[in-house]
Amino acid sequence: MKLTKSDCTLNEKDALLDILESEKQLMSVYTTALFEGSTKAIRKSFSTNLLGVAENQYLVYTQMQSRGYYEPKPANKNLIDEANQTFKQQKKCLKAQ
């Protein structure tokens with residue numbers, strides 16, 4: 001089977017999704033690098049880069065959302081309340097130790 005250029009071209013939605021996933025991966029890499037950085041200068045550099053990538057990720061997300069490509073569902077209030085209660089209990093346990 002012979003592929004044509006149109007078979008290998010990403011549509012807008014797929015291209016934006018690819019960019020979004022790449023930004024998320026970069027955020028993960030910079031977060032790890034920040035934790036592992038051994039000098040203040042390198043940690044500051046990683047922190048600056050992390051914030052830049054976070055901003056880029058948000059811009060791509062807002063573009064996807066404005067085009068109807070990314071529709072996050074509202075969080076279930078019961079799940080939020082359960083998580084909140086769990087963390088409050090864990091906080092009490094940590095303070096007691």
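FYI, the numbering just counts along the sequence from 1.
Heavy-atom minimum distance, P72 versus Q65: CD-NE2, 3.9 Å. Between L16 and R67, the shortest heavy-atom distance links the atoms CD1-CD, 4.1 Å. The nearest pair of heavy atoms linking A75 to I80 is CB-CD1, 3.5 Å.
Atom OH of Y58 and atom CD of Q63 lie 11.0 Å apart (nearest 0.5 Å). With rounding to the nearest 0.5 angstrom, the NZ atom of K77 is 11.0 Å from the CD atom of E82. Note that CG of L50 and CD of Q57 are 11.0 Å apart. Values are rounded to the nearest 0.5 Å. A distance of 13.5 Å separates CD in Q90 from NZ in K95, rounded to the nearest 0.5 Å. Considering CG of L51 and CE of M27, their distance stands at 8.5 Å, rounded to 0.5 Å. Q25 contributes atom CD, which lies 10.5 Å from atom CG of L20 (distance to the nearest 0.5 angstrom).
Around OH of Y70, the count of heavy atoms belonging to other residues, nucleotides or ligands within 6.0 Å does not exceed 12.
Residues T31 and F35 are in side-chain contact: their nearest non-hydrogen atoms beyond the backbone lie under 4.5 Å apart. Residues N49 and S45 form a side-chain contact, since some pair of their non-hydrogen atoms from C-beta on lies under 4.5 Å apart.
Under a 3.5 Å cut-off, the side chain of S28 and the backbone N or O of K24 do not form any donor-acceptor pair.
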| task | Quick one: do F46 and I42 satisfy side-chain contact (heavy atoms from CB on, under 4.5 Å)? Show the steps, please. | result | CA-CA 6 Å; F46 289 145; I42 196 76; 3.4 Å; yes
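The cluster map of Ile, Leu, Val, Met, Phe, Trp and Tyr, joined by side-chain heavy atoms under 4.5 Å apart, puts V53 and V60 in different clusters.
A donor and an acceptor atom, one from each side chain of E23 and Y61, are nowhere located under 3.5 Å apart.
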